[in-house]
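Below is one structure, written out as C-alpha cells; the observations come after it.
Numbers restart at 1 for each chain; the letters A, B, ... are given by sequence-line order, proteins then strands.
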Amino acid sequence: MNKDQTPPVSNFIRNIVINDLESGKHDKIATRFPPEPNGHLHIGHAKSICLNFGLAAEFGGTTNLRFDDTNPLKESEDFAQAIMNDVRWLGFEWNELRHASDYFQQLYEYAIYLIKNGKAYVDSQDAEAVRSSRGSFGVEGKESPYRNRSVEENLDLFERMKNGEFADGEHLLRARIDMTSGNMHMRDPAIYRIRKVPHHRTGDKWNIYPMYDWAHGISDAIEGITHSICTLEFEDHRPLYNWFLDNIPAPCHPRQIEFARGNLDFTVMSKRKLRELVEEGHVSGWDDPRMPTIAGLRRRGYTAKSIRTFWKEAGVAKADSIIPVGVLENAVRNDMNENAPRAMAVLDPVKVILTNYPEGESEWLEAPLHPQKPEMGLRQVPMGRELWIERGDFMEEPPRKFFRLKPGGEVRLRNAFIIKCVDFVKDAEGKVVEIHCEYDPDSRSGLPGAARKVKGTIHWVSVEHGLTAEVRMYDRLFNVPNPLADKDRDYREFLNPHSLDIVDNAIVEPVVSKGKPGDYFQFERVGYFTIDEDSANSDRPILNRTVSLRDSWAKINR
RNA sequence: UGGGACGUGGCCAAGUUGGUUAAGGCACGGGGUUUUGAUCCCCGCAUUCGCAGGUUCGAGUCCUGCCGUCCCAGCCA
C-alpha cells in the first residue's frame with residue numbers, strides 16, 4: 001500500500017515504532033483507526049487514517065478499522081457505510097473490520113471482574129449529584145454515599161441494570177479510583193450507563209452500554225493493538241486507559257500515544273459545526289464541495305493521493321497547528337498538474353472574428369493532452385472563423401506588461417496560430433462585444449512559421465463547436481482564517497457569500513463531453529476542474545473548479 | 001484555581017542518549033526555460049531554537065525560574 005513515492009517523513013510516533021521493533025518489544029505492529037459512526041469523516045480524520053495505515057504499511061503490520069459504537073443514541077449504519085467508503089477511497093484497506101459492540105459481552109464480564117475485586121461500584125446518585133460531587137479544578141471531589149456498597153450488592157444491581165430493571169439514569173457503574181485526583185478522569189469515572197435504546201448492531205440485547213474509556217482500551221487489547229494512536233485531548237485519559245488494563249486480566253497492554261490534530265484555516269472541522277452547516281442549508285450536504293469532509297473534497301475534485309501527500313508533508317507532532325489551506329491546494333495542483341489532461345474552456349466569453357479566415361469553413365487541429373507528457377497522446381481541437389476568448393484577455397487600454405490581446409497587438413492562440421487585433425466593436429454601454437483579428441496562417445502549430453515568437457498566448461474555443469457548460473466556481477467557505485476566533489461573534493457570520501459562484505454559460509471544447517463524473521481536466525491558463533456527478537442528469541456538462549492555477553499576473557496586479 | 005501537554009524562520013516540521021555548517025516542504029524574493037504570466041530548472045531566505053539565568057571544553061538538546069498557548073469539571077467520543 002506504499003503507493004506514494006516520496007520517502008517517509010520522520011516523526012515521534014514512527015520513532016517509537018522503530019524503537020519497539022528494534023528492541024524486540026514487538027516483532028510486528030498493529031494499529032487501528034477507530035471512528036464513531038456518528039458523522040462523516042473529514043480531512044482531520046484523514047491525518048489519523050494516513051498515520052495508522054501508513055505506519056502499519058511501512059513496517060509490515062496491520063491496521064483494523066474499528067467502529068467505536070458504544071453510544072447507540074448517535075450512531076447509525078449509514079454513517080458506518082460512508083466511513084468505510086471514505087477510507088477505501090483514500091486508498092487504504094483494513095486488515096479486519098471490528099466494532100466495539102463485538103466486545104460487549106467481554107466488556108461486561110470484565111466489569112464484573114472489576115466489581116468482584118472491589119474496583120467498581122454501582123452509584124445510585126442522579127446525574128446532577130454525580131456531577132456536583134466530582135469537584136472541580138483545584139477542588140477535590142466527594143465520595144459517593146454508594147461507594148462502599150458490598151460486592152454482592154454491586155453484582156446484583158449491575159446484573160439488574162443489564163436486565164433492564166431500571167430506567168435510564170437510575171444507576172451508574174463507576175470505577176473506584178480516586179475522588180481527590182488532580183486528573184478529573186480518575187475521579188471514579190463512569191464505566192456503564194443505562195440506555196434502554198436499541199443499538200444499530202446489537203438490537204435490543206443490551207440495556208447498558210460501556211463508556212468510551214472502558215471500551216476503548218479493552219478493545220485495543222482484544223485486537224492485539226500495539227500502538228493505540230489518538231489525538232491530544234486524550235492525554236488525560238491515558239492514566240485511566242492504563243489503570244483499566246492493569247486491573248483486569250487483559251490479553252495485552254497496548255501503548256496509547258497522542259498526536260496533535262491538524263487544523264486548516266478558513267474552515268471549521270468539528271462534527272457539530274459541520275452538521276449545523278448541513279442542517280441549516282449553508283451547504284448542500286455533507287458532500288458539498290466546500291466542505292472539509294472527505295466526501296466534499298472528493299466531489300470538489302481532490303484526489304486521494306493529494307490528501308495523502310498533504311498529510312505526509314505536514315508531518316505528525318504534538319504542537320497545535322493551523323495549516324493554511326493553500327498547502328492543501330498546492331498538493332492537488334501538484335498531483336493534477338502531473339495527471340490532468342489539458343483542454344480549453346472560456347468562462348467569460350467574448351467573440352473574436354478572424355476576418356481573413358475563409359467563411360463557412362472549419363478544421364480540426366491536433367493538440368497534446370499534456371505538454372510535458374507526449375505519451376498521454378493528442379486530442380482534436382476544432383477551429384473556425386469565429387472564436388470565444390476570455391473577456392479578461394482583451395483590453396482596449398492595457399496596463400504595462402499586458403501580454404494579451406490589445407488593439408493592434410499580436411497574441412498566439414494556444415495550439416493554433418498568431419492573430420493580430422485589427423478592430424473591435426462596442427455596444428451602447430461601451431462593452432466590447434466583438435473583436436476583429438487577422439490570423440497568420442504560417443504561424444500555425446506544426447509549421448516552420450510557428451517558431452515566430454509573440455509575447456503572450458491565450459486560450460480559445462470555436463463558436464461553432466464549443467459546448468456550453470455550467471461551471472461551479474468554489475472558493476473558501478469562510479472569509480476569515482479562523483471563524484471561531486471571535487468569541488463575540490458566531491462563526492456563521494463569517495461565511496463567505498462567494499464560496500460558490502455559478503458560471504452557467506462557460507464554453508468548453510468538445511473533449512470535455514467525453515468525461516465522466518470524477519474525471520478532471522486542466523483548463524489551460526484557468527485551473528483544474530472536475531466533472532460533477534450532477535452531470536449525469538444534465539443535458540450539459542457541470543464542472544466543479546477544484547482549484548485555480550497559480551497566477552503570478554493576478555498577484556502582480558493586486 | 002488542581003492536573004496534563006506544547007512553544008525551532010510567515011505556515012508546517014526534522015533535529016534518537018548534549019559535539020560542532022540548525023534537514024525538508026509550503027510561502028516569499030531574484031534569475032533561466034516555456035505556444036499555459038502554469039509546469040520545470042537554478043539561486044537566496046533562522047549567527048539562531050518562547051524569555052532569563054545556570055551546568056559544560058561544548059546545549060535547540062541537561063537544570064532552575066519566568067512568559068505564552070492548548071486540553072480536562074458528559075451517565076459524549
Among all residues two or more places apart in sequence or in another chain, which pass the side-chain hydrogen bond (donor to acceptor under 3.5 Å, both in side chains) test with [X]?
X	value
Ser321(A)	none
Thr303(A)	Ser306(A), Asp335(A)
Arg550(A)	Asn330(A)
Asn154(A)	none

Checklist entry - Using Watson-Crick pairs (N1 to N3, plus N6-O4 or O6-N4) and G-U wobble pairs, both distances under 3.5 Å, which stems of at least 3 pairs involve RNA chain B? => result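 For RNA chain B the paired stretches long enough to count as stems (3 pairs minimum) are B:2-7 with B:67-72, B:10-12 with B:24-26, B:28-32 with B:40-44, B:50-54 with B:62-66.
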Just to verify, what does [X] make a side-chain contact (heavy atoms from CB on, under 4.5 Å) with, not counting sequence neighbours?
X	result
Met179(A)	Glu143(A), Arg147(A), Arg174(A), Arg187(A), Asp188(A)
Val139(A)	Ser136(A)
Ala260(A)	Leu232(A)

Under 3.5 Å, which N/O atoms of the protein pair with N/O atoms of nucleotides 15-19 of chain B?
{"from": "G15(B)", "atom 1": "OP1", "to": "Ser10(A)", "atom 2": "OG", "distance (Å)": "2.9"}
{"from": "G15(B)", "atom 1": "OP1", "to": "Asn15(A)", "atom 2": "ND2", "distance (Å)": "2.9"}

Checklist entry - With sequence neighbours left out, which residue pairs that include part of residues 33-47 of chain A fulfil the side chain to side chain donor-acceptor pair (under 3.5 Å) condition? => result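 For residues 33-47 of chain A: Glu36(A)-Asn38(A), Asn38(A)-Lys271(A).
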I'd like a table of atom pairs between the protein and nucleotides 27-31 of chain B - only N or O on both sides, under 3.5 Å - with the distance next to each one.
{"from": "A27(B)", "atom 1": "OP1", "to": "Arg550(A)", "atom 2": "NE", "distance (Å)": "3.2"}
{"from": "A27(B)", "atom 1": "OP1", "to": "Arg550(A)", "atom 2": "NH2", "distance (Å)": "3.0"}
{"from": "C28(B)", "atom 1": "OP1", "to": "Lys555(A)", "atom 2": "NZ", "distance (Å)": "2.7"}

Checklist entry - Can you list, by residue number, the residues of residues 260-269 of chain A that have a non-hydrogen atom closer than 4.0 angstrom to RNA chain B? => result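 Per residue number, the list is empty: none.
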Next on the checklist: Any donor-acceptor pair under 3.5 Å linking the side-chain atoms of Gln256(A) with those of Glu258(A)?
Outcome noted: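 Glu258(A) vs Gln256(A): donor-acceptor pair found between side chains.
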